[in-house]
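A short worksheet on the structure shown next.
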Amino acid sequence: MAIDIGGSSAKILAARYHDGQVEIMDQYSVATRPVSVDGHVRINVPELLELIKTGIRDLRSKGIQPQTMGIDTFGNGYGLLDDSLALLELPYFYKDTRTKGILSRMGQVVPIDELYRSSGVYPTDIRVLMQLFYDAGHPDSPIHRCRWLLLLPDLLNFYLTGQITAEESMASVADLLDATGRRWNTAVMERLGIPTKILPPLVEGGRSLHPLTQAVAAEVGGALQVVTVTSHDTEAALLAAPGLDDNKVFASIGTSLIFGTRTAQPIISQQGFDGAFKTMRGPFGYSLCRDFNAMWLFEQCMTLWRRERPSLSYDDVMDACRSAGENTTYLNVCDPCLRMEGGNILESIAAYCRETEQTVPRTMGEIANCVFDSIVLQALWSLEQVRQITGRSYQGLSAIGGGIRNALLMQRLADALELPVTTGSGVSSALGNVLMQLYATGELPDEASVRRTAQHSFISSTFLPRPDPTGKWKKALLTLNTIDKRKGNWR
């Protein structure tokens, strides 16, 4: 059983391993919404726990008897427990604004480039390290009464099993590990005034499993082993990325697009810092990657278009894209003006185009084409950076995440990157979660068997690059680079 918790919904999935492949027996999604407490956005931990327990009971009511389960979640959530192991407050959701601008204060204690070199993770104000620095600087914060820091999936595991640990992939994306990805970065945390006695023992995903407590087992109708899987949802998803090896790059396409490649060792460089890359610890190695605004932009547009046309479908928009003609307007999707919550994204796009002296897209098809092409250009720029940082060439792109359902976007990625794009499972994080449970129980003995099983467990599609006789994408990237230099932006 896999529990895959995203920022707005959770997937509950039951699967069995049979004849060399994972067969999905049951799956459904449940909305998960953060709550507002005292003007701050918080993670509703009691709701998530009840969702998990209800999921177990529902499967058993259908005659499905899971033997193991695992939890993966979005990054940058954590809870603080006191000496009696009680949660001191509901954890903050990563979109809470209390840490906005925190990096300038942190940089006065530890320079930002030094922070990057110490961990390999480019600093942003939403990471757990920055949130803890904020907490440490406020005398009334619960961190000063805290006994244990538990990252979100570890917190949920604690309530189910009573075990207090920290899984490496989640600790890595939280920017709490050193450059090896295997030890707490205590030297930096102590300089920042963050107490390090609150850090639990680190464990590698897929290496431990524990039974439900007697109380929880009684609630859900029986015993069950909880596996500490690769608990960061992106790293879990990469386990199920089709054919991913040293010769391929990957793109996890959702609200953001996470673009990168797998590496055997951490790669920390000045170019990585300049390009806002991060090296994250994952199963069987590391991910060198960067993330940027992606389908969030399109979804914001869809929300506004549906105010005028409530029945508007994604197919309607794709049809409009195909009839809109060639796009010649490009956005830097990392520009702060295009990442504002609560604004009118259509007005922001128009203002960006006027400021950069480009044609303002007017129709739904023109705007969608502009957004999709701009996402593709950011991926093309990222590919060039990855090639330079690693000194390697690549023969394909492995694509996962909800965005893979957009065939138009997949074809444009193939065309621009001049690489075949192979799409994976629509539930990659949950599938990776299941694969790590099989690894933990010994059904799958090594990375090769994990990846082979993943490849046999879903039907993939491949988009081949089409000829580009006019050099459209390279010219478009030059245009965007010129705009960025004029605006003083960086990626």
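Not measured: the values here are computed from a predicted model. Throughout, numbering of the chain's residues begins at 1 and tracks the sequence.
E190 meets the salt bridge (Lys or Arg N to Asp or Glu O under 4.0 Å) test with no other residue; sequence neighbours excluded. Every residue was checked against the ring pair (Phe, Tyr, Trp, His ring centres under 6.0 Å) condition with F463, not counting sequence neighbours, and none meets it. For D178, the side-chain hydrogen bond (donor to acceptor under 3.5 Å, both in side chains) test picks out T180, R183, with sequence neighbours left out. Shown here are the ring pair (Phe, Tyr, Trp, His ring centres under 6.0 Å) partners of Y286, two or more places apart in sequence or in another chain: there are none. Remark: S118 pairs with N185 by the side-chain hydrogen bond (donor to acceptor under 3.5 Å, both in side chains) rule, at least two apart or across chains. When the side-chain hydrogen bond (donor to acceptor under 3.5 Å, both in side chains) test is applied to T390, the partners found at least two apart in sequence or on another chain are Y394.
Screening T99, L129, V188 for a side chain to side chain contact (heavy atoms under 4.5 Å, CB included) involving M106 leaves a single residue, L129.
Checked against a 6.0 Å centroid threshold, the rings of F250 and F259 do not count as neighbours. For F277 and Y122, the ring centers are positioned 6.0 Å apart or more.
Looking at heavy atoms from C-beta onward, Y352 lies in side-chain contact with D335 at the 4.5 angstrom threshold.
The aromatic rings of F284 and Y439 sit perpendicular, their planes meeting at an angle over 60°, well past the 30° parallel limit.
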query: What do the steps show when you test E204 against R207 for salt bridge (charged side-chain N to carboxylate O under 4.0 Å, His left out), and what is the final call?
result: CA-CA 6 Å; E204 185 179 355; R207 296 291 187 182; 3.5 Å; yes
task: For the pair W381 and L480, evaluate side chain to side chain contact (heavy atoms under 4.5 Å, CB included) and give the outcome as yes or no after the intermediate values.
output: CA-CA 10 Å; W381 186 86; L480 194 55; over 6 Å; no
query: Can you list the steps and then say if I143 with L132 is a side chain to side chain contact (heavy atoms under 4.5 Å, CB included)?
result: CA-CA 8 Å; I143 199 171; L132 295 176; 3.9 Å; yes
query: Are Y78 and Y94 close enough, and set up right, to give a ring pair (Phe, Tyr, Trp, His ring centres under 6.0 Å), and what steps lead you there?
result: CA-CA 10 Å; Y78 65 96; Y94 67 92; over 10 Å; no
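For R405, the CZ atom sits in a loose shell: 12 or fewer heavy atoms of surrounding residues, nucleotides or ligands are nearer than 6.0 Å.
Listed by first and then second residue, the salt bridge (charged side-chain N to carboxylate O under 4.0 Å, His left out) pairs involving residues 28-44 are R42-E89 (not counting sequence neighbours). Among residue pairs with one or both ends in residues 131-160, those qualifying as salt bridge (charged side-chain N to carboxylate O under 4.0 Å, His left out) are R98-D135; sequence neighbours excluded. A ring pair (Phe, Tyr, Trp, His ring centres under 6.0 Å) check over residues 154-183, counting only residues at least two apart or in different chains, returns nothing. For residues 442-459, the side chain to side chain donor-acceptor pair (under 3.5 Å) pairs, not counting sequence neighbours, are D446-S449, E447-R451. Applying the side chain to side chain donor-acceptor pair (under 3.5 Å) definition to pairs two or more places apart or across chains, those involving residues 232-242 are E235-R262, E235-S287.
Rounding to the nearest 0.5 Å places CD1 of I400 at 12.5 Å from OG1 of T422. One finds the CD1 atom of I375 at 8.5 Å from the CD1 atom of I253 (value rounded to the nearest 0.5 Å).
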Let me check something: any side-chain donor-acceptor pairs from residues 1-15 under 3.5 Å, sequence neighbours excluded? List them with distances.
none

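Of the charged side-chain nitrogens involved, at least one lies within less than 4.0 Å of a carboxylate oxygen, so that E114 and R191 count as a salt-bridged pair.
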